Structure formats: structure tokens, C-alpha cells
Amino acid sequence: MQMIASISVRSALAAVLALLSTNAVARPQTRQQHVKARDSNELVQPVYQALPLGSVKPQGWLKEQLELSANGLAGNLFNFYRFVKDSQWLGGNSEYSDLHESAGYWFNGLVPLSFGLDDARLKSQVKTFMDYVLGHQQDDGWIGPETTPQTRGLWGRCYIMLGLMADSSETDRIVDAMHRYIELVHSMLQNNFTGLIAKPVHIPLQWLYENHPKNNSDLIWETMELMIQGSTTFGVDWRNFFVEGTFPEVVYAPRSQSYPWLWTHGVNLAEAIYRTSHDEALKTQTRTAIDLVQKYHTSLAGTIIGDEAMTDNNPSRGAELCTSTELMFSLAWIYQYLADNDIADWAELTAFNAFPGQIWSDWWSHQYVQQENQPCCTVNHPQGYSKFLANSFVGTEDGGIAHVFLSPGSVSTHLGNNEVTISVDTNYPFGMDLSYSISADDDFKFYVRIPGWANSSSTARGGDSDGDVFLTNTGLHQFHVPKGQSAISISLQTEPRIIERANNTAAVYYGPLLYSLALESNETTRDPVAYNMGYIDPASTTAQTHDHVVETTDLWNIAIDPSQIKVASSGTTSKLADPIWAFGAPPLELRVAATEIEWPILFDTPADPPLDPQAKGKPFAARFVPFASAKVHMAHLPKLELETVDLDA
Ligand SMILES: *[C@@H]1O[C@H](CO)[C@@H](O)[C@H](O)[C@H]1NC(C)=O
Ligand SMILES: *[C@@H]1O[C@H](CO)[C@@H](O)[C@H](O)[C@H]1NC(C)=O
Ligand SMILES: *[C@@H]1O[C@H](CO)[C@@H](O)[C@H](O)[C@H]1NC(C)=O
Ligand SMILES: *[C@@H]1O[C@H](CO)[C@@H](O)[C@H](O)[C@H]1NC(C)=O
Ligand SMILES: *[C@@H]1O[C@H](CO)[C@@H](O)[C@H](O)[C@H]1NC(C)=O
């Protein structure tokens, strides 16, 4: 478990393509006004509308996680971390790369975190940063510290814009600054795509175009087109990449063409698959992109395998924390456009497995690369859960509301003139029951997303539901909620599932959680060491920043018999432990029939799973716990048929 303080240049680049890492919240609620003026250039509209930032508040374990984040690294980088505190964006000297992106990443995560928690201390960090940046906008409209054409890259501004558009506290000032900036960008791009890193950053432009176009619609539209043209000119047209037959299935057997680095880079991929534009064909292709990534490069815990270039799904391969962070947001965003239930399931899979599995339970340290079998993102990780929260409730096309990521929270918003407050009491994903308390001035439709893994014994009560769950074609259950106070509930039912992978291997799931062998381990905590084992500037650390080394001497080399699984503890409705993602904290456990096998270690990590595993000794009932709580992971295991094991033992 490696800590924070050092960000390598690679991880900086890794994070490069957060092209849609925006706050989904800020999406157009007022588009009609503009569409009238310019029908021909209408943007594709989402099926579900994100709600204004701050209207969804966390509860339960998710609130505790966000508070840990606020009291941990995310909420303290501003005070001690030189790539934020001493960033050139704030008049300082520290940048980890020429992209000048670290402060922008931080800002992009802090805005939703501060609004989600309604935290005055964090809001004042956001305000201080914004005041400085907008106060130092240059005369020609440039936002940021760079003054020469050689140093002025558009990319580093992406996150700044994403943060700005999400902050509804000073819209006029933000919109004015963005217009001045876009006019400059337009002229730069017209001049041989000056400043473009071939990753079009459209979301802030789309937001401006739909919500605050002023008299600049044509210019904004052209700027978006120039970005695409520029990418094509530079040989990185994502439309040519997400095509079956071209998309690399595995990079061990590469096709004869070579791919630009941007394409095969895991984080870039996570950030790229959510690009949505004005073109319906691109919307269809977005679905294809999801399918291709899912089929060839998705890890069992829900992230994209690639360390840092993407690879096949071999469990000795890893993924950066940045990848799951960006992917969660990408999936939330795409889900709002496509409304396909499996995409929301995938977002939850990432949010409850890959992402928390890479963060130390106190939120002061994180792991750069994680594998599914193994005994950067310092500035980017704060956006993970805060945007997941913001996207957990959405507006539906018929003017209702849907709870789509089933974590605990509440929402207060207006549906037209109907003021609605919905609060959900649940331990999900550590329990399968959800109880809603609703108050509304008028009748409305409320929906709850039923995950794809829930079985038909699941129930819905309250509103006009009498027990059975009925799914719409998008996987939502509909409640007709009357005005006044109401209580409704959902109880999900499911059984353990197996996912099979190449080379006769399998992984075990129960609900949205992947399970990993429970390995007792020793933790050693020490002062941070740089990723290359070099010197770390003490100015980049604080008393709470540590490296954690977690080692196990338990038996890890096992094969499992997936036909013998028992749910030993299926969750709870009472108060959960805090922090919840610590070893032993989640109230869920499985027992799986297992046996010891020969399995060598290679480069300090389990070698490829043996193709022909041989059982050693007597089979036994192995304890399995939620993947993200097990800091040493053994989750992708060889299969064997074993004699019957007493799973109650
Ligand atoms: C335009 O930019 C490309 C790539 O940066 C460069 O190779 C080319 O010389 C430039 N063309 C002109 C006319 O400046
Ligand atoms: C648009 O342009 C017109 C004429 O130039 C001007 O009167 C008007 O104020 C502008 N509107 C906005 C929103 O800037
Ligand atoms: C399957 O096993 C072979 C041989 O050990 C290995 O090269 C390959 O990467 C494995 N594939 C996966 C997806 O694990
Ligand atoms: C659904 O899962 C529950 C376990 O939670 C099980 O008791 C029930 O039989 C399953 N129902 C169906 C229809 O498979
Ligand atoms: C923890 O470390 C001690 C001392 O090195 C060792 O004896 C013990 O086996 C270790 N336990 C685990 C679970 O790794």
C-alpha cells in the first residue's frame, strides 16, 4: 500500500484525459431557450438529468466516507501539499508536469466534495482558489499562469472549468470569465490548433453552449468542432478506435498498426469512453465503446486493467486509482445518456470494489496501482465519491426522480413547482433493504433502480406497490407517490454469483460486491518514501501522511470450487462500523470450498494462476470478505472440483 506524497510524471500524464470529468450536475436544465435559436446544432440530450450540485446529500456510511475524505488527504492538500498549496495556479512554483494540471484536478474534486458535505472549511478553500484564478485572468482572456504560446496548453484548464461550472455560487462571474477564455481558445485553435493536446474537453463548452451562450453560440460550437478536427489531425480520432476489429483485444498480440499512446493508456481510456457529442452516431458508438472495454479490459473489481498501458485481464496486471476514479464518473455520465441498467451496475461495481479497495481506510493514503491478486491519484481521488453521490439521484424524462446508485443519501429539489424531499435509510451495499421517507407538495413519480443481479424475489412496498417489483425497460421500479408524507421500501434478494475468466479461473460476487480471500496480515507504517524510493520533500507531507506496508503470511495459494458457496453473514440494518472499508468491518462474509495448491510467486506477486492446479491436502471452508476491505487481495482464483466441504464449520 503506497501512500500519496509522490506523484510521478507518469501518473500525472495518466490522469490526463479527464475530458468529461465534470460535475454532472451542471448539465442543462434550460436548454430549450437556446435550442430555439439554433436547431441544427443541438446537442444530444441525456435521458436522465443530473440534479443541481448540493441538492443530493450523503447519509450513513457514504457520509462517513466523505467526511473521512474531507478530514483526510482531500480536505488537507490545500494546507500542505506543494502541488496544490504552492501551485503556479496560486502564484507558487511547484508543478509535477508541464501540463499544470494538479491544482485543477484538486479543484475539480473539491467543488463537489464541499457542496456535497456543505462544508464551510472546504468551501472557503474552493473560494480562495477561484478568487485567485479568476482574479488573475490575463488581459487576452487566458486562465492560468502561463504567458507564452509554448507553455499555454489547453488541457490543464479542463478541470478548472469543470470545477467552475459546477459552482453555482458565482455564476455570472464564472460565465464571463469562460466567455473571454473561449474567444481566445477559438483563435488559438484556428491558428494550427495551438495549445491543443489531442483530447477535446467538451463538457464545459457544452454547458456554456446550452446554459449561458450569450451571443457566442456559433463560436462555442466551432471551438468544439476545432477540438475534434485537431485531434483527428494529430492522429487521435477516438471514433476510429472504438470499433470492433480495430480496438485492441489484447495488447500481447498487437495488430500490425500501432496505436497512439493516448488510446492505449488505461486512464485515458476511462476518461475517453464517456465522450458524448451532438452526433447520434457517437451516442451509439459510446455503447460500443462500453462493450469493447467491458469485454476486453475490465477487471473483476470494475476498473480498467492497464498498468499503465492497457493489457488483457490477467490478474497479475493492475490499474491505477485514477482509472477507477475517472471511470466511476464516466459511467455515471454515460448512464445518464444511455439509461442502460448494466452501466449503472458497473458504476456501483467500481464504487464499491476497485475504488475503495485502493484507498486506505482513514483516507490519508492511497495505492497507486492495484492488482486483483497481490499480497497517483493524490489530487484526483477526491472527485470519486463526491461525484458518485451527486449522480446517485437523477431527474427522469417524465418529470420524476430516480434513485439510481443505491447508496444512502437524501435529495431536496423542485420538480416544477413541486417541492420534494426524499431520504433513503440503507446500509447498501452492506445490506439489501432500502427505506425511503418522502415529503412532497404534490403527487409525483419516483423510481428505484433494481440492479441486474437482484432476483425476482425482491420486493417493493408503499406508494401503489404491493410487493412485487416491476421493471421498466430501463430497469427501474416505478412508485406513484402521493402528496404529503410517504414511506416506501425496497428489499433486494440475490444469491452468490460466479464470474468465469480465462484459464479456468473464477471470481465470487454477492450483490454488487466482489469477494476476496480473508487474509490476516501485518501492517507496518512508516514515513513516506518516493515512488522510486527516493527523497520526499518534507514540505510535501504532513503528520498524517504515511506509507503502509501490508504483508501476509496466511495461506493465499488456493483454488476454489464455485459450486460450494455459502452466505455466512448477509449484511445488517443496524449501524455500520466507521471506517467501513477496513479489514473485518463490513458485516458480510462468504464461505467457499477451497484447497491449497502450488502457486509460485513472481516479482513479489502471485504468478499467473496455474493452468493445471493440483490440490494439496484436505479441502476446507475458506472465508471470503468484500474485496475493498481486504487490503491484500486474492480474488481471481483457479477452479477445481472438490469433495463436499462442510461450509458451516
Ligand atoms: C502545425 O502544427 C504541427 C504540429 O504541432 C506542426 O508540425 C506544423 O509545422 C504546424 N504548421 C504550421 C503551418 O505552423
Ligand atoms: C447580444 O448582442 C446584442 C447586439 O450586439 C446586444 O444588444 C445584446 O446585449 C447581446 N446579448 C448578450 C446576452 O450578450
Ligand atoms: C492465461 O494463461 C497464459 C499462460 O500462463 C497467460 O500468458 C495469459 O496471460 C493468461 N490469460 C489471462 C487472461 O489471464
Ligand atoms: C432470490 O435469492 C434469495 C436469497 O436471498 C433466495 O432465497 C430466493 O430463492 C431467490 N429467488 C429466486 C427466484 O431465485
Ligand atoms: C506478522 O509478523 C510476525 C513477525 O514477523 C510473524 O510472526 C507473523 O506470522 C506475521 N503474521 C501475519 C498474519 O503475517
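Everything numeric here is computed off the predicted structure, so don't read it as measured data.
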Practice task
Please confirm whether F352 and F405 have ring centers closer than 6.0 angstrom.
Solution key: no
Exercise for the section: Keeping the roles fixed (side chain from T350, backbone from G302), state whether a donor-acceptor pair exists under 3.5 Å. Expected result: yes
Exercise for the section: Taking atom types as modelled, find out whether S94 and Q88 have a side-chain donor-acceptor pair closer than 3.5 angstrom. Expected result: no
Exercise for the section: Could you tell me the separation between the CD1 atom of I290 and the CD1 atom of I334, rounded to the nearest 0.5 Å? Expected result: 3.5 Å
Handout entry: Distance (rounded to the nearest 0.5 Å) between L77 CG and K85 NZ
Key = 12.0 Å
Practice task
Specify the closest pair of heavy atoms between R121 and G75, including all atoms of both residues, with the distance to one decimal.
Solution key: NH1-O, 2.9 Å
Handout entry: Y209-W221 aromatic ring centre distance below 6.0 Å
Key = yes
Exercise for the section: Could you check if a side-chain atom of M130 sits within less than 4.5 angstrom of a side-chain atom of I174, using non-hydrogen atoms only? Expected result: yes
Practice task
Could you tell me whether the side chains of E326 and Q383 share a donor-acceptor contact shorter than 3.5 Å?
Solution key: yes
Practice task
Any chance you could measure M188, atom CE, to I182, atom CD1, to the nearest 0.5 Å?
Solution key: 11.0 Å
Practice task
Without swapping roles, check the side chain of E222 against the backbone of H186 for a donor-acceptor pair under 3.5 Å.
Solution key: no
Practice task
Considering non-hydrogen atoms only, spot the tightest contact between L205 and M224 and give its length.
Solution key: CD1-CG, 3.6 Å
Problem - For K57, salt bridge (charged side-chain N to carboxylate O under 4.0 Å, His left out) partners two or more places apart - result: none
Practice task
Could you tell me whether a side-chain N or O of N191 sits under 3.5 Å from a main-chain N or O of T194, the two making a donor and an acceptor?
Solution key: no
Problem - Ion pair R449/D345, N-O distance below 4.0 Å - result: yes
Handout entry: D176/K214 salt bridge by N-O under 4.0 Å criterion
Key = yes
Handout entry: Heavy-atom donor-acceptor pair, R152 side chain to G195 backbone, under 3.5 Å
Key = no
Practice task
Mind checking salt bridge (charged side-chain N to carboxylate O under 4.0 Å, His left out) for R180 and listing every partner two or more places apart, or none if nothing turns up?
Solution key: none
Exercise for the section: Please tell me if the side chains of R82 and N93 come closer than 4.5 Å, counting only heavy atoms from C-beta onward. Expected result: no
Exercise for the section: Drop me the distance from I228's CD1 to L189's CG, to the nearest 0.5 angstrom. Expected result: 11.5 Å
Problem - Any T303 side-chain heavy atom under 4.5 Å of Q358 side chain - result: no
Practice task
Report the C-alpha separation of L164 and L134 in whole Å, then their side-chain angles, then the decisive distance to 0.1 Å, and conclude whether the side-chain contact (heavy atoms from CB on, under 4.5 Å) test is met.
Solution key: CA-CA 10 Å; L164 288 174; L134 295 186; 4.2 Å; yes
Practice task
Enter the distance from L113:CG to E67:CD here, rounded to the nearest 0.5 Å.
Solution key: 10.0 Å
Problem - Min side-chain heavy-atom separation N391-F329 under 4.5 Å - result: yes
Problem - CA sep, side-chain torsions, deciding dist, call: Q125, S114, side-chain contact (heavy atoms from CB on, under 4.5 Å) - result: CA-CA 9 Å; Q125 294 181 5; S114 64; over 6 Å; no
Handout entry: Y385 vs F355 side-chain heavy atoms within contact, under 4.5 Å
Key = yes
Exercise for the section: Indicate yes or no: at least one non-hydrogen side-chain atom of L389 is less than 4.5 angstrom from one of L66. Expected result: yes
Handout entry: Residues W346, T298; criterion side-chain contact (heavy atoms from CB on, under 4.5 Å); working and verdict
Key = CA-CA 10 Å; W346 187 0; T298 304; 3.4 Å; yes
Handout entry: Taking every non-hydrogen atom, the tightest pair across T171 and D167
Key = OG1-O, 4.4 Å
Problem - Centroid separation W106 to Y81 less than 6.0 Å - result: no
Fill in the blank from the handout: Here the gap from F83 atom CZ to E101 atom CD, rounded to the nearest 0.5 Å, amounts to 11.0 Å
Problem - Cation over ring face, K123 and F115, 6.0 Å, 45° - result: yes
Exercise for the section: Could you tell me which non-hydrogen atom of V47 sits nearest to which non-hydrogen atom of Y337, and how far apart they are? Expected result: CG2-O, 3.2 Å
Practice task
Grab the two heavy atoms, one from H179 and one from N216, that are nearest each other, plus how far apart they are.
Solution key: ND1-ND2, 3.0 Å
Practice task
Verify the distance criterion only: is there a donor paired with an acceptor across the side chains of E210 and Q45 at less than 3.5 Å?
Solution key: yes
Exercise for the section: Could you check if a side-chain atom of V420 sits within less than 4.5 angstrom of a side-chain atom of F446, using non-hydrogen atoms only? Expected result: no
Problem - Shortest non-hydrogen separation from G357 to A628 and the atoms involved - result: N-CB, 3.4 Å
Problem - Side-chain heavy-atom pair W581, Q65 within 4.5 angstrom cut-off - result: yes
Practice task
Apply side-chain contact (heavy atoms from CB on, under 4.5 Å) to Y447 and V394, showing your working.
Solution key: CA-CA 10 Å; Y447 299 83; V394 293; over 6 Å; no
Problem - Flag, side chain of Q138 to backbone of E146, donor-acceptor distance under 3.5 Å - result: yes
